[in-house]
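Scroll down for the structure; my scribbles are underneath it.
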Amino acid sequence: MTSSWQNELAAEADAWRAHLGEIGFSDDGDRLRGELPWEHPVHGLAHARIEVQLPAGFPFTAPVVRVLDPGAAMELTFHLDRPAELGLNGNLCLWDAAMQPVDAAPWREPDLLLDRVRGWLKQTALGWPDDDTCDLERYLPRNIDTLVLYDAERLAGKVGLFKTATGPTSGTLQVSDNRRPGAIALRGPQQLHRRDRELAWVDDLGEVSSPPREWADIERTLEQAVEVTRLIALGAVRYLLLRYSRNGQPAVLAVAVQRGGLPPSIKACESADTSETTRSIRAGNTAAELADVRIAVIGVGAIGSFAADILFRSGIRRLTLIDGERLRPGNVVRHLAGSDDVGKYKVTAVTDRLAATGFDVEAVERQNVDIIDLAEAVELVKRHDVVLDATAHARATSLLAAAANITGAGTGHTVISACVQREGDIIRADRFPLRHGEQHLPALSSAPVIGGVREAGCGEPISRTPPAAVIAAAEIACRMVIDEATRQCALPASMVDIRRPQDEPPFDRLGLLTPTLTATGTSQ
């Protein structure tokens, strides 16, 4: 028995097939084949013959289209799957399906699909002008076992033999910038020295006009093709790392080669650039500006540890981490660090986690102390562009606020104080000192402290603030820190995130607190 939604999908597919039948497509129950008139940019009207299949996932998956005959003399180059690979048989790549919501998917209209195929044929005839899609690996058989890592900056402009090494994790291989000098030859019958195996040949294909589909396509683009072929036959070269470009967009194709005959068999490997430039792309538009900013995080417990991580990933390298406590087993539920870090000073545990990103932590300063002296706090504020107070400690917050006010507004030195209150219901961040005409949101009125859960060996009650509230507080604090560090100054002096639904405004993240709420901070 089929459901109503299944009947609806089946009816849509039937109507879709019927429409193509009305315009002359044959239908054998699986594939629809027919003639598609299109305008060749040079020869004028042409008549292509195409084949269309509706996949089982239709309409959430686009119809599969293949060109049986383009109707004009032309090479089918880009934006189609490799013929006969995994049963794909040269399917056209017509849309980025991930960017198309199914309710508005153009392939649900047969005429829109056919128009798209006409456009694909025209672009192919023109050589795909202005197309900078760099996906040469899709046109070759795939090696799914190896991720090839390389540093594009260190290998820039270099051609020749380079050593490889096992990557940081299973299934990864690192192409180093350590060149293999000299000539390579057999030591004896079919014997190579160990250092001459598993090498990578690095080269440049330049601007590509058609994708490679076999070794011969790559061979004819290499200036030293004869030598590379010899090294492959010897078993010395196992990988090719080939730079190329499409309409000026640079990219790299990594290929695993297997000797054992001519031509050698080749498979495309997934590859990734490890250079700092590439790894910083996702850090945001302000990353370069933040690189030389000095930021201090006081208290790298729950909020502070995640804030330090966000700031470091956002491009801030000159971090000072200050906290006198060690990491306890119970801390890890609301902390960036994990069980393997228990017993370390929190500043050390957080620094180790920052180092795990692969970025240099040499400029990260660690101080396993507590700030208790006003003069010391003033010097700390003066030495840093922004100080983030994540201590959730009233005395420390008062000390840092006083230090910020002593340093003075307009000096370029700021303190941001962030905390979670009411066990995660309220998140608050404040800036010190205030600028002219600014004021803080009203303070929460205090209330008698109700006895809370305690942990043996821990001096204060432990709040029940959930991890999500801690991370949300770190996010708000980092927004204010970056706002100050980049001198954008677009955010208000106080920001509040109210977690629990409110009966009255504010309902959004940036609103006013009602002064009747009571406050309890989050420690550890």
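Across Thr166, Leu149, Thr146, a single residue satisfies side chain to side chain contact (heavy atoms under 4.5 Å, CB included) together with Thr172, and that is Leu149.
Expressed to the nearest 0.5 Å, how far CD1 of Ile482 lies from CD1 of Ile316 amounts to 5.5 Å. How far CZ of Arg334 is from CZ of Arg464: 10.0 Å, rounded to the nearest 0.5 Å. Rounding to the nearest 0.5 Å gives a distance of 7.0 Å between OG1 of Thr169 and CG of Leu147. Taken to the nearest 0.5 Å, the CD1 atom of Ile427 stands 8.5 Å off from the CD atom of Glu475. Interatomic distance, NZ of Lys158 versus CG of Asp177, reported as 5.0 Å (0.5 Å rounding). Distance check: Thr357 OG1 to Phe312 CZ gives 4.5 Å after rounding to the nearest 0.5 Å.
Using a 4.0 Å cut-off between charged nitrogen and carboxylate oxygen, Glu289 and Arg487 do not count as a salt-bridge pair. Taking a cutoff of 4.0 Å between a charged side-chain nitrogen and a carboxylate oxygen, Glu153 and Arg279 do not qualify as a salt bridge. For Arg353 and Asp341, the salt-bridge test passes: some basic side-chain N is under 4.0 Å from an acidic carboxylate O. Using a cut-off of 4.0 Å between Lys/Arg side-chain N and Asp/Glu carboxylate O, Asp309 and Arg313 are scored as salt-bridged.
In the displayed structure, Glu207 atom CD is contacted under 6.0 Å by more than 12 heavy atoms of other residues, nucleotides or ligands. In Ile144, the CD1 atom is not crowded: 12 or fewer heavy atoms of neighbouring residues, nucleotides or ligands sit closer than 6.0 Å.
Counting heavy atoms from C-beta on, the side chains of Asn331 and Lys346 come closer than 4.5 Å. Residues Cys419 and Thr397 fail the side-chain proximity criterion, which asks for heavy atoms closer than 4.5 Å. Counting only heavy atoms from C-beta outward, the side chains of His384 and Ile295 never approach each other to under 4.5 Å. A heavy-atom distance below 4.5 Å is not found between the side chains of Arg328 and His335. Looking at Leu399 and Arg395, their side chains never come closer than 4.5 Å, going by heavy atoms from C-beta outward. Side-chain atoms of Leu321 and Val364, non-hydrogen and from C-beta on, do get closer than 4.5 Å to each other. Taking the side chain as every heavy atom from C-beta outward, Leu94 and Leu113 approach each other to under 4.5 Å. Side-chain contact between Pro212 and Leu205: absent, with no pair of heavy atoms (C-beta onward) separated by less than 4.5 Å.
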Item to check | Residues Asp360, Arg317; criterion side-chain contact (heavy atoms from CB on, under 4.5 Å); working and verdict | outcome: CA-CA 8 Å; Asp360 188 1; Arg317 297 290 178 264; 5.9 Å; no
Item to check | Derivation and outcome, side-chain contact (heavy atoms from CB on, under 4.5 Å), residues Arg138 and Asp81 | outcome: CA-CA 7 Å; Arg138 74 174 299 145; Asp81 293 316; 2.3 Å; yes
Checklist entry - Step by step, would you call Tyr345 with Leu327 a side-chain contact (heavy atoms from CB on, under 4.5 Å)? => result CA-CA 6 Å; Tyr345 281 103; Leu327 189 72; over 6 Å; no
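Residues Asp273 and Ser275 bring a donor and an acceptor atom of their side chains to less than 3.5 Å of each other.
Under the salt bridge (charged side-chain N to carboxylate O under 4.0 Å, His left out) criterion, Asp132 pairs with no residue at all, not counting sequence neighbours. Partners of Arg116 by side-chain hydrogen bond (donor to acceptor under 3.5 Å, both in side chains), not counting sequence neighbours: none found. Listed by chain and number, the residues in a salt bridge (charged side-chain N to carboxylate O under 4.0 Å, His left out) with Asp151 are Arg154 (sequence neighbours excluded).
Side-chain atoms of Asp373 come within 3.5 Å of backbone N or O of Glu376 as a donor-acceptor pair. A donor-acceptor pair is defined here as one N or O able to donate and one able to accept, closer than 3.5 Å; such a pair exists between the side chain of Arg238 and the backbone of Val257.
Close placement of the His79 and Trp128 rings is indicated, their centers lying within 6.0 Å of each other.
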